[in-house]
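These notes concern the structure reproduced below.
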Amino acid sequence: QVQLVESGGGLVQAGDSLRLSCAASGRTFSSYAVGWFRQSPGKERDIVGAISCSGRSTYLADSVKGRFTISRDNAKNTVYLQMIGLKPEDTAVYFCAAAWSSDTWSVPDRPYEYSYWGQGTQVTVSS
């Protein structure tokens with residue numbers, strides 16, 4: 001069982017930066033790949049990025065490449081999403097999710113691959 005809590009969202013202006021954190025409970029966090037997803041009203045939940053359980057492999061959606069980075073600190077049971085150059089189209093609720101993985105390089109990118117989800121944190125970017 002893994003419980004996830006996101007933090008770090010807020011209201012910012014276009015061009016600003018934010019760092020989201022996903023804090024996990026559980027002693028086996030290092031066995032889980034973690035993904036960040038976002039969802040805005042009326043739209044599907046889309047992948048933003050993912051990181052393998054070891055942190056050796058990452059995936060970022062094309063829409064955020066060059067602006068977002070994903071990292072993790074397994075000693076702190078935390079995954080980070082650093083966002084720079086935010087745009088109004090980045091406005092959404094951001095969720096982190098965890099998927100148990102025996103593959104240290106695996107970066108699942110579909111919602112159905114994840115078993116545990118946080119409650120989400122709102123990011124609003126004004127123009």
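In this structure, Thr124 contributes its side chain and Leu11 its backbone to no donor-acceptor pair below 3.5 Å. In terms of modelled atom types and a separation under 3.5 Å, the side chain of Arg72 and the main chain of Ser52 share a donor-acceptor contact. Between the side chain of Tyr59 and the backbone N or O of Gly35, no donor-acceptor pair lies under 3.5 Å. Side-chain atoms of Glu6 come within 3.5 Å of backbone N or O of Gly120 as a donor-acceptor pair. In terms of modelled atom types and a separation under 3.5 Å, the side chain of Thr78 and the main chain of Asp73 share no donor-acceptor contact. When atom types are taken as modelled, the side chain of Arg67 and the backbone of Gly85 share a donor-acceptor pair closer than 3.5 angstrom.
The CG atom of Asp103 sits 12.0 Å away from atom OG of Ser31, with the distance rounded to the nearest 0.5 Å. In this structure, CG in Leu60 is found 9.5 Å from CD1 in Ile51, a value given to the nearest 0.5 Å. Distance check: Leu18 CG to Gln82 CD gives 8.5 Å after rounding to the nearest 0.5 Å. From Ser21, atom OG reaches atom CG of Leu4 across 12.5 Å, with rounding to the nearest 0.5 Å. How far OG of Ser127 is from CD of Gln13: 9.5 Å, rounded to the nearest 0.5 Å. Summarising the geometry, atom CG belonging to Asn74 is positioned 8.0 Å from atom OG belonging to Ser54; distances are rounded to the nearest 0.5 Å.
Between Phe68 and Tyr94, the ring-plane angle classifies as tilted under the 30° and 60° cut-offs.
Residues Pro88 and Ala14 share a closest heavy-atom pair of CD-CB, 4.2 Å. Residues Tyr114 and Ala50 come closest through the heavy atom pair OH-CB, 3.6 Å. Between Ser106 and Ala33, the shortest heavy-atom distance links the atoms O-CB, 3.9 Å. Between Pro111 and Trp117, the shortest heavy-atom contact is O-CZ2, 3.6 Å.
Under the 4.5 Å side-chain heavy-atom criterion for Ile, Leu, Val, Met, Phe, Trp and Tyr, Val123 and Tyr80 are members of distinct hydrophobic clusters. No single ILVMFWY cluster, assembled from side-chain heavy atoms under 4.5 Å apart, contains both Val2 and Ile70. Hydrophobic clustering, with ILVMFWY side chains joined whenever heavy atoms are under 4.5 angstrom apart, groups Leu81 together with Val64. When hydrophobic clusters are built by joining Ile, Leu, Val, Met, Phe, Trp and Tyr residues whose side-chain heavy atoms come closer than 4.5 Å, directly or via intermediates, Val12 is grouped together with Val48.
Taking the ring centre of Phe37 as origin, the terminal cationic atom of Arg45 falls outside the region bounded by 6.0 Å and 45° from the ring axis.
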The test is salt bridge (charged side-chain N to carboxylate O under 4.0 Å, His left out); show your working for Asp62 and Lys65 and say whether it passes.
CA-CA 5 Å; Asp62 288 343; Lys65 280 181 182 177; 3.2 Å; yes

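Residues Ile47 and Arg110 are not in side-chain contact: their nearest non-hydrogen atoms beyond the backbone lie 4.5 Å or more apart. Taking the side chain as every heavy atom from C-beta outward, Val34 and Phe29 approach each other to under 4.5 Å. Within the 4.5 Å cutoff, side-chain heavy atoms of Cys96 are placed close to those of Trp36.
When the options Thr91, Asp46, Asp90, Thr121 are evaluated for a side chain to side chain donor-acceptor pair (under 3.5 Å) with Arg38, the one that passes is Asp90.
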